[in-house]
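See below for the structure under consideration.
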Amino acid sequence: MALLSRTILLEISTSATLGTALFLLIIFLQQASRLFSILVNSSASAGMVGYLFLLLIPASLPYTVPLGVLAGTLIALSRMTNDGEIIALRASGVPSRRVARPVALFALLATALTGYCSIKFTPWCQAEVVRVINKVGPSQLTAEIMPRVFDESFPNTILYVSDVLTGSPVHWKGVFIADTTPPDQRKSAAVDRGEGPRVTLTRDALVAPDNRGNRLQLSMSHESSYESAPDAATYYHVNAPRGELVLEAPDRGPQRKAAVNAMTTTTLVHEARTSVEAAIELHRRLALPLACLLLALTGVPLGVSSRKGGKSAAFAITVFLAFLYYTVLLGLIGLAKDGRIKPAIAVWTPNAIFFVLAVILLSRLELPQGRERFGLLRARLRTLWPRLRRFVSRGAEVPAWASAPPRKRFFFLPQIIDTYVLTSFLFYFTVLLGGFVVLTEVFNFFELLADAFHNDIPMRELLQYLFYLAPKLIYDTAPVGVLVASLVTFGILAKNNEIIALKACGVS
């Protein structure tokens, strides 16, 4: 392998790994909320919950690895362009398209990794998640019982507990249980039963979950039961120092049944013939790994032509292309679920679009004279911008302060260093926060789009829901955005030796 290829592969792999980890963190936090509820609302051990967290990671890799590969490609090639290395290659007779070889090789390796996760590893992880959740399902019910609240989640049962003492087993104090089963179906010692419920009172009860039978076993002390007779003035009363009672847990059928994303690929091939969701899942498992190669090849000409902006421009382009890819993908999948288009067309259309885009951009990367298409386009935009400003402001007097070049600083900051660091930090923070929120909003929009069409929900209500969801997303992702923006800002300062220059000038 040539020195150039090894250098590019090393730089892309580092940036791609960091980018994948960042996107994986965001998606993982969105999916892990239900596991936090399991940790709080069940007696599951910390090891079991940690095991569930690990099982969620492979399910996110098919979505995050393509974005990481794209980010690594753009960051590496943008850095080479800014440092003049691309110009040096051209001066040595090496065309810019030569850098596409190591990029394609790295993308193929990422495609193989993503394909393994998508086709084999992720379905196993999803099935394992269903198995573990079903295992802790009945034990989760013991923590869902709130003290001094009437609970009607059990079939034909009203439950009230004065106090709940957590432990192993769980201890209930002051228990009231009303069995509302119809009299002809109720099991009791009374011969003639009235229409009223059978009420059981107990001072203390030890609760043991039966995971296999999906029920709770109560060992009660000082039990008293009351059951009405056909005559309202008469009732049956039984006292016992100890007693046993079984509470059947609610039906968790939808949770116990593995979804299509937990099926093996072989099973999914057979299910895809009769099920639209299975067909969508099958094509998605095959299409997402290929996105690594297509996004990387699309990023080669964009990274080579990005002479300014560096990592900031690379990340902004990554967010834009990811927004475009997943917007088209999720939108078409929503239409496929609604039966308007075929699943194969819905899933493979984004790949086809980016394949055409990559071919066009790579073929026009360089003209015979060595000039870049993007450079020509950028030059024309620069010449058109002053004309557009004069056209908009024609007839209006332009104040003197408006004609002066903008000063990249805030008036309330007295030092240039403060302005320089804060401007870079705010830029990265805004891009990161906006990218996270927009990607999540788009994902939620197209995930709910099929249900909105099916239930005749007005589009205005769906957009209103997403609008009020935005503050929560900002609240959730702002800490991560602040952390990453700080790391990127000071990492770039350190890499460019600006920290050393500040120290040499006496600035700590």
Side-chain angles (χ1 to χ4, degrees), residues 34 37-45 48 130-258:
R34 59 191 181 100
S37 65
I38 293 175
L39 176 62
V40 175
N41 297 326
S42 72
S43 57
S45 62
M48 182 175 293
V130 174
R131 185 190 68 80
V132 175
I133 291 179
N134 287 338
K135 183 178 179 180
V136 302
S139 62
Q140 182 180 355
L141 292 173
T142 59
E144 291 178 353
I145 303 302
M146 303 297 295
R148 296 175 295 280
V149 175
F150 284 95
D151 187 284
E152 300 183 22
S153 60
F154 296 90
N156 299 322
T157 302
I158 300 175
L159 175 65
Y160 178 88
V161 180
S162 297
D163 196 10
V164 176
L165 302 179
T166 58
S168 183
V170 178
H171 187 188
W172 289 351
K173 308 193 78 169
V175 182
F176 168 90
I177 302 174
D179 186 0
T180 60
T181 305
D184 56 343
Q185 302 176 11
R186 189 183 307 154
K187 296 179 181 179
S188 64
V191 179
D192 296 327
R193 294 181 288 270
E195 296 295 332
R198 183 174 184 269
V199 177
T200 301
L201 302 175
T202 179
R203 183 184 301 174
D204 299 282
L206 298 178
V207 185
D210 183 4
N211 296 329
R212 182 172 300 179
N214 194 34
R215 59 187 181 179
L216 300 180
Q217 183 75 35
L218 274 65
S219 298
M220 302 178 293
S221 62
H222 301 88
E223 174 195 2
S224 298
S225 62
Y226 302 86
E227 189 169 6
S228 63
D231 183 7
T234 306
Y235 61 90
Y236 300 97
H237 177 207
V238 178
N239 285 328
R242 305 196 65 84
E244 301 290 331
L245 183 65
V246 174
L247 291 179
E248 296 292 338
D251 183 18
R252 294 175 178 258
Q255 186 179 12
R256 290 178 176 273
K257 182 180 179 182

Exercise for the section: Classify the side-chain pair D204/H222 by whether it contains a donor and acceptor separated by less than 3.5 Å. Expected result: no
When the side chains of residues 154-164 are checked against the rest of the protein, which donor-acceptor pairs come out under 3.5 Å, sequence neighbours left out?
{"unit_1": "T157", "atom_1": "OG1", "unit_2": "P155", "atom_2": "O", "d": "3.0"}
{"unit_1": "S162", "atom_1": "OG", "unit_2": "G174", "atom_2": "O", "d": "3.2"}

Completion exercise
Residues passing the side-chain hydrogen bond (donor to acceptor under 3.5 Å, both in side chains) test with S224, sequence neighbours excluded, are N239
Handout entry: By side-chain hydrogen bond (donor to acceptor under 3.5 Å, both in side chains) - contacts of S219 (at least two apart)
Key =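 S219 satisfies side-chain hydrogen bond (donor to acceptor under 3.5 Å, both in side chains) with E244 only.
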When rounded to the nearest 0.5 angstrom, what is the spacing between [atom1] in [X] and [atom2] in [Y]?
X    : Y    : atom1 : atom2 : value
Q217 : L247 : CD    : CG    : 9.0 Å
T202 : K173 : OG1   : NZ    : 11.5 Å
S225 : E227 : OG    : CD    : 8.0 Å

Exercise for the section: Sort out for me which residue in L201, V199, L218 forms a side-chain contact (heavy atoms from CB on, under 4.5 Å) with I177. Expected result: L218
Handout entry: Nearest heavy-atom neighbours spanning M220 and A205
Key = CG-CB, 4.0 Å
